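Only a predicted model underlies this, so the values are computations on that prediction, with no experimental measurement involved.
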Amino acid sequence: MKAVLYACGVLFAGSMLTGCQTSEARSAQLAKICADPGNRQPGSFYFAECQAVDPSSDRSLQKDYVLGSPTGD
């Protein structure tokens with residue numbers, strides 16, 4: 001029982017600390033994450049956040065769509 005309470009306490013403390021992150025620190029972390037082209041692909045875990053920080057151009061989104069579309073085989 002103590003282990004469960006301890007784990008819940010650690011999770012709660014961790015969630016509180018992430019809520020205190022400054023916008024500058026968040027932007028810096030997202031810049032590093034979004035620099036990876038794999039994270040900017042539609043369907044990736046970070047796609048929506050990377051789009052919010054630096055939206056892809058229409059041309060880039062069209063290219064991603066064509067490259068990810070089925071070939072019809």
Exercise for review: Might you point out which heavy atoms bring C34 and R40 nearest each other, and give the distance in Å?
Suggested key: O-CD, 3.1 Å
Revision key, fill the gap. Side chain to side chain donor-acceptor pair (under 3.5 Å) pairs touching residues 30-39, sequence neighbours excluded, are none
Exercise for review: Locate the shortest heavy-atom distance separating S44 from G38; write the atom from each residue and the value.
Suggested key: CB-O, 3.5 Å
Check your understanding: For Q29, which residues count as a side chain to side chain contact (heavy atoms under 4.5 Å, CB included) partner, sequence neighbours excluded?
Key -> Q21
